[in-house]
Amino acid sequence: MPAAEQVIAAFDGAGREQVSTEIFAAQIELKTGVCRDADAALADLRRMRRLAEQAGARLLGSGIHPDDPTEATLVDKERYEPVKQDLVSLLRTPPCGLHVHVGMPDPETAIRVANALRHHLPLLQALTANSPFREGEDTGLASARAATVATYPRFEMPREFRDYEEFLAVADQLIAAAGVADYTYIWWDVRPHPKLGTVEVRGMDVQTDVEANAAVAALIQALAAREIEQPQSLGLAREALEESYYQAGRYGLEARLLVDAGTAAPAAEVARRTLDDVAPYARELGSAEALGEIERVLREGNGADRQRGVHEREGMPGLLNWLAQRTDAGGG
């Protein structure tokens with residue numbers, strides 16, 4: 001039995017509904033419940049990591065395993081069969097993403113918020129890049145996970161949609177073209193999720209420290225709240241946003257990010273400006289304190305910076321040990 005399925009089988013009733021396999025047998029997905037604020041998300045994620053450890057897992061919170069040169073074993077489930085057939089040799093190593101859902105009041109608001117959040121994907125990438133190593137080597141990228149999933153079909157920044165009807169029409173065409181069952185096989189970096197009534201932001205590396213995951217969720221929640229109350233009209237071309245997104249995955253916090261039609265600025269500057277803009281919404285949502293973790297990232301570096309620092313001091317064995325320790329239920 002693959003390791004992921006063994007671990008999940010050992011979960012007790014308190015968390016069994018919040019853990020699942022992914023296509024890779026060395027990977028599990030931990031899911032919080034519906035959380036009102038960052039503190040609730042933090043507590044639930046800590047609980048789920050603790051249950052995983054008690055079930056026998058040693059977790060590594062990294063966008064990609066830094067030193068896994070072996071061919072990945074895949075999970076044998078019906079849902080994954082079309083993915084295996086489509087991606088074949090592209091499925092080399094498990095990419096571990098952070099997915100954040102924000103509840104929406106109605107479909108048209110979901111489309112408007114999803115359109116707006118596309119503009120923040122480069123900043124979110126710069127803040128969360130946490131996979132500089134792959135197969136034991138420094139890739140030169142801040143996020144090797146982002147580069148890996150960019151080779152998959154339907155992993156991309158989506159277009160801006162006019163309304164919910166256009167989203168459904170595009171999704172139906174893409175479902176037919178890919179020969180898949182439904183829109184959940186469309187893995188855009190931000191997408192409306194009609195079955196759950198949310199907008200899902202997917203284009204980020206999982207964070208090693210549990211607090212950082214909650215902080216990113218708080219930032220996304222505040223960005224969505226601002227868009228609902230005060231719609232932003234940036235009008236940036238998809239092609240330019242995609243390039244800014246790549247720059248963030250390549251350089252992390254050292255990237256220059258697009259801020260309007262003709263201007264780019266350092267990622268840290270964009271981050272601080274964004275934090276100032278969303279601070280009132282974070283306070284109203286009860287998640288202002290969590291954004292202090294974003295400030296720490298700006299001071300001390302993102303996950304890629306920290307991984308490289310540990311690797312320089314302690315080599316790959318030290319990095320793997322550090323990741324396992326920092327990924328424990330308490331964070332660090």
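All figures in this text were calculated on a predicted structure; none of them were measured in a lab. The figures here come from the full heavy-atom set of this structure, side chains too, leaving out hydrogens, waters and symmetry mates.
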So does [X] pair up with [Y], basic N to acidic O under 4.0 Å?
{"X": "Asp328", "Y": "Arg49", "value": "no"}
{"X": "Glu166", "Y": "Arg159", "value": "yes"}
{"X": "Glu160", "Y": "Arg112", "value": "no"}
{"X": "Asp67", "Y": "Arg134", "value": "no"}
{"X": "Arg306", "Y": "Asp209", "value": "yes"}
{"X": "Glu293", "Y": "Arg296", "value": "yes"}

- Within the distance-only criterion (no hydrogens, no angle test), does the side chain of Asp305 pair as donor or acceptor with the backbone N or O of Asn302 below 3.5 angstrom?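 Yes; judged by distance alone, with no hydrogens or angles, the pair exists.
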- Sidechain-backbone polar pair: Arg238 side chain, Met157 backbone, donor-acceptor under 3.5 Å: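 Present.
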Can a donor-acceptor pair be found between the side chains of [X] and [Y] at a distance below 3.5 Å?
{"X": "Gln247", "Y": "Glu243", "value": "yes"}
{"X": "Thr274", "Y": "Asp277", "value": "no"}
{"X": "Asn130", "Y": "Gln207", "value": "no"}

- Message: Can you give me the closest heavy-atom contact between Pro95 and Gln27, atom names plus distance?
- Response: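 Looking at all heavy atoms of both residues, the closest pair is O-NE2, 2.9 Å.
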- For Ser131 and Asp205, which heavy atoms make the closest approach, and how far apart are they?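 Taking Ser131 first and Asp205 second, the nearest heavy atoms are OG-OD2, 2.8 Å.
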- Could you check Thr21 against Ile28 for side-chain contact (heavy atoms from CB on, under 4.5 Å), going step by step and ending with a plain yes or no? CA-CA 5 Å; Thr21 59; Ile28 59 173; 5.8 Å; no
- Message: Given the ring of Tyr185, does Arg79 sit roughly above its face, with NZ or CZ under 6.0 Å from the centre of the six-membered ring and within 45° of the axis?
- Response: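 Judged by the rule, Arg79 and Tyr185 form a cation-pi pair.
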Count the heavy atoms belonging to other residues, nucleotides or ligands that lie under 6.0 Å from [atom1] of [X], then report whether that count exceeds 12.
{"X": "Gln232", "atom1": "CD", "value": "yes"}
{"X": "Glu108", "atom1": "CD", "value": "yes"}
{"X": "Glu295", "atom1": "CD", "value": "yes"}
{"X": "Tyr246", "atom1": "OH", "value": "no"}

- Item | pair Leu320-Pro66: side-chain heavy atoms closer than 4.5 Å |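 Heavy-atom side-chain distance check passes, below 4.5 Å.
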- Message: Measuring from atom CE of Met48 to atom CD of Glu53, what distance do you get when rounded to the nearest 0.5 angstrom?
- Response: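 These two atoms lie 11.5 Å from each other.
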- Message: To the closest 0.5 Å, what do you measure between NE2 (His119) and CG (Asp260)?
- Response: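 Separation between the atoms: 11.0 Å.
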- Going through the distances and angles, do Ser244 and Arg256 end up as a side-chain hydrogen bond (donor to acceptor under 3.5 Å, both in side chains)? CA-CA 8 Å; Ser244 190; Arg256 290 181 60 81; over 6 Å; no
- Would you please indicate if the ring centroids of Phe133 and His65 are separated by under 6.0 Å?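 No, the ring of Phe133 stays outside the 6.0 Å limit from the ring of His65, centre to centre.
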- From the options Thr32, Leu45, Leu42, Val100, select the one residue that forms a side-chain contact (heavy atoms from CB on, under 4.5 Å) with Asn213.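 The single option meeting the side-chain contact (heavy atoms from CB on, under 4.5 Å) with Asn213 is Leu45.
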- Criterion side-chain hydrogen bond (donor to acceptor under 3.5 Å, both in side chains) on Thr109 and Asp106, from CA distance to verdict: CA-CA 6 Å; Thr109 301; Asp106 58 73; 2.9 Å; yes
- For the hydrophobic clusters of this structure (ILVMFWY residues joined by side-chain heavy atoms under 4.5 Å, transitively), does one cluster hold both Tyr281 and Leu117?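 Different hydrophobic clusters.
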- Contacts of type ring-ring contact (aromatic ring centres under 6.0 Å, His included), residue Phe161, not counting sequence neighbours: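 Counting only residues at least two positions away or on another chain, Phe161 forms a ring-ring contact (aromatic ring centres under 6.0 Å, His included) with Phe167, Trp188.
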